[in-house]
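Inspection log for the structure reproduced underneath, given as structure tokens.
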2 protein chains.
Amino acid sequence: MTDAERALPLRERKKLRTRQALADTALRLFLDKGFHETTLDELVDAVEVSKRTFFRMYPSKEDVAMAAELELWDAHVAEAEARELHGPVLDFLRETLIAAVTGLGADWDRRFLATRGLIARTPALWDRSLLLSVTVQSRLVTDLEIKLGINSREDVRLRLLGELSLAAWRCAAKNWISGRGYQGPREPMRKLGQWKGPGGSAELIRRVEEAFDAIPDSLTLTAG
Amino acid sequence: MTDAERALPLRERKKLRTRQALADTALRLFLDKGFHETTLDELVDAVEVSKRTFFRMYPSKEDVAMAAELELWDAHVAEAEARELHGPVLDFLRETLIAAVTGLGADWDRRFLATRGLIARTPALWDRSLLLSVTVQSRLVTDLEIKLGINSREDVRLRLLGELSLAAWRCAAKNWISGRGYQGPREPMRKLGQWKGPGGSAELIRRVEEAFDAIPDSLTLTAG
DNA sequence: CCCTTGGCGCCACTCAGTGGCAGATTAGCC
DNA sequence: GGCTAATCTGCCACTGAGTGGCGCCAAGGG
């Protein structure tokens with residue numbers, strides 16, 4: 001990151017720094033006071049930029065809270081573009097997702113955990129998070145459709161597969177958070193300590209594997 | 001409907017009528033001028049109620065545009081509660097969904113088609129529609145989990161199944177609309193004529209069956 | 001050193017959505 | 001039918017997110 005930063009022109013570096021500052025401060029404020037209880041004016045005052053600048057960086061108040069999640073999806077897309085596609089497509093999606101999670105640093109999973117906790121207790125953010133993931137996944141599938149020469153009007157299989165892989169991710173993320181018993185921002189740091197380090201994303205990856213493994217059996221699920 | 005209406009107290013009947021009037025007028029205005037180009041004040045003026053009353057009927061501007069879609073989900077939930085659960089759960093979800101579509105009248109599929117057309121060219125409505133469907137489906141799955149004694153923390157299969165069935169629905173609805181070549185509100189009535197009657201929802205049901213049928217094969221989809 | 005270009009701050013504005021209160025309308029009861 | 005109490009509605013003022021426009025300042029390039 002520092003290398004990439006140095007290579008960028010001064011103007012871009014400044015932009016990136018305010019972007020970062022906005023995301024960090026937003027997460028801090030939202031965790032501290034709650035999402036709806038924090039106004040954009042407060043955030044913008046704290047970072048000392050104008051509201052106009054904020055909207056040049058992020059399209060909405062919701063999006064700035066989910067910067068960590070956006071990083072994940074960017075990584076996922078990058079991973080999918082880099083890797084070459086052969087074998088079962090579901091495995092491809094699974095592996096590129098795992099690779100994305102693995103590739104992001106230890107600092108990321110701290111921020112991501114905090115973000116997910118905030119999302120879990122803020123319906124408006126949950127909504128936006130869902131929407132973001134669906135949008136990204138749809139883009140991903142569209143790319144794959146082109147590569148495979150599939151037309152979703154005639155063959156919906158890939159579309160379904162994409163949704164399924166996203167569903168697995170959502171189950172995994174949900175169980176990851178609820179398994180941690182994260183309830184709110186006022187949880188003592190003692191518990192936060194447990195989450196830190198590689199354990200956080202290692203556990204997340206375990207949950208993802210678990211969810212993907214459950215896919216074949218889910219189809220045949222039968223009631224009494 | 002008329003029977004049920006007559007049974008209701010006067011106050012409730014009036015309430016229902018304004019609800020209906022709001023939904024009808026909203027759809028007409030949105031189709032005519034576009035969603036963002038129509039303000040709530042205009043809608044509220046046209047129906048001759050106050051803005052305050054509007055928000056007592058619908059939680060948001062988006063929701064009033066999707067009254068027909070809400071009817072579908074209500075029917076789906078009712079169908080799932082009425083029917084008893086045995087055999088493959090995926091079939092249960094599939095059959096209750098089909099039954100819901102079938103059960104709603106010919107007037108419904110006219111309104112639903114118009115609604116979907118509007119949604120297709122209005123991102124904000126597409127977002128809300130997705131959110132609505134996910135919410136309903138999540139409620140449905142939670143109920144089923146209780147009936148089956150499944151804990152989604154340990155067993156994510158049902159959760160995955162719910163998402164998969166919803167995905168099939170979304171593919172079906174999408175292809176149904178795009179297959180009709182619906183582009184905007186200015187399409188001549190000649191084309192609208194083709195959609196009318198049982199053919200509209202019959203085609204929709206065909207698309208749904210098609211999508212559900214594609215599920216087993218989607219898992220094994222493999223690239224070159 | 002100057003000129004161009006791209007951000008940025010500031011201001012005024014729109015519009016969705018909310019809270020509060022006064023007035024009307026209905027339901028239930030005598 | 002008349003009275004009271006519970007609802008519902010309309011009106012008004014207000015918050016806060018998001019946008020458009022313009023002047024300005026700082027950065028890149030010669």
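Throughout, a chain's letter reflects where its sequence line sits, starting with A, and its residues are numbered from 1.
- The stretch residues 38-49 of chain B participates, sequence neighbours left out, in these salt bridge (Lys or Arg N to Asp or Glu O under 4.0 Å) pairs: B/K33-B/E42.
- Judged as a side-chain hydrogen bond (donor to acceptor under 3.5 Å, both in side chains), and not counting sequence neighbours, B/Q137 has no contacts.
- Atom CG in A/L130 sits 10.5 Å away from atom CD1 in A/I119 (nearest 0.5 Å).
- Residues of residues 39-48 of chain A having a heavy atom closer than 4.0 Å to DNA chain C, listed by number: A/E48.
- Rounded to an integer number of Å, the gap from CZ of B/F54 to C1' of C/dC15 is 13 Å.
- The distance from atom CE of B/M57 to atom P of C/dA16 is 18 Å, rounded to the nearest whole Å.
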With the criterion being N/O to N/O and under 3.5 Å, what pairs connect the protein with nucleotides 1-4 of chain C, and how long is each?
none

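- Residue contacts shown for A/K14 are limited to sugar-phosphate atoms, with no base heavy atom under 4.0 Å away.
- Judged by distance alone, with hydrogens and angles left aside, the side-chain atoms of A/Y58 form a donor-acceptor pair with the main-chain N or O of A/R19 at under 3.5 Å.
- Of the candidates B/R116, B/R170, B/R128, B/E69 forms a salt bridge (charged side-chain N to carboxylate O under 4.0 Å, His left out) with just one, namely B/R116.
- Within the structure, a side-chain polar atom (N or O) of B/T53 is placed less than 4.0 Å from OP1 or OP2 of D/dG10.
- Between B/C171 and B/E210 there is no side-chain heavy-atom pair separated by less than 4.5 Å.
- Heavy-atom minimum distance, B/L93 versus B/L140: CD2-CD2, 4.0 Å.
- Note: CZ (A/R17) to P (D/dA27) measures 11 Å, nearest angstrom.
- Within 3.5 Å, no donor on the side chain of A/K15 pairs with an acceptor on the base of C/dG7, nor the reverse.
- Residues A/I177 and A/L113 are in side-chain contact: their nearest non-hydrogen atoms beyond the backbone lie under 4.5 Å apart.
- Here the closest heavy-atom approach between residue A/L118 and residue A/T122 is recorded as O-OG1, 2.8 Å.
- Between B/D143 and B/E81 the shortest side-chain heavy-atom distance falls below 4.5 Å.
- Here the side chains of B/D127 and B/L131 are not in contact, with every heavy-atom distance at 4.5 Å or above.
- Considering only the side chain of B/F55, C/dT18 comes nearest among C/dG7, C/dT18, D/dG10.
- For A/W176 against A/E203, the heavy-atom pair with the smallest separation is CD1-CG, 3.5 Å.
- A parallel orientation is assigned to the rings of A/W108 and A/F112, their planes being inclined by less than 30° (bins at 30° and 60°).
- Atom NZ in A/K61 sits about 5 Å away from atom P in D/dA17, given to the nearest Å.
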Determine, stepwise, if the pair B/L27 / B/T115 fulfils side chain to side chain contact (heavy atoms under 4.5 Å, CB included).
CA-CA 7 Å; B/L27 193 53; B/T115 306; 4.0 Å; yes
Can you pull every protein N or O that's under 3.5 Å from an N or O on nucleotides 20-25 of chain D?
from, atom 1, to, atom 2, distance (Å)
D/dG20, N7, A/R52, NE, 3.0
D/dG20, N7, A/R52, NH2, 3.1
D/dG20, O6, A/R52, NE, 3.2
D/dG21, O6, A/R52, NE, 3.4

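- As rounded to whole Å, 11 Å separates atom P of D/dA17 from atom CD of A/E37.
- If you take NE2 of B/H36 and C1' of D/dG18, they are 12 Å apart, rounded to a whole angstrom.
- The NZ atom of B/K51 sits 11 Å away from the C1' atom of D/dC11 (whole-angstrom rounding).
- A heavy-atom distance below 4.0 Å to DNA chain D is reached by none of the residues of residues 18-28 of chain A.
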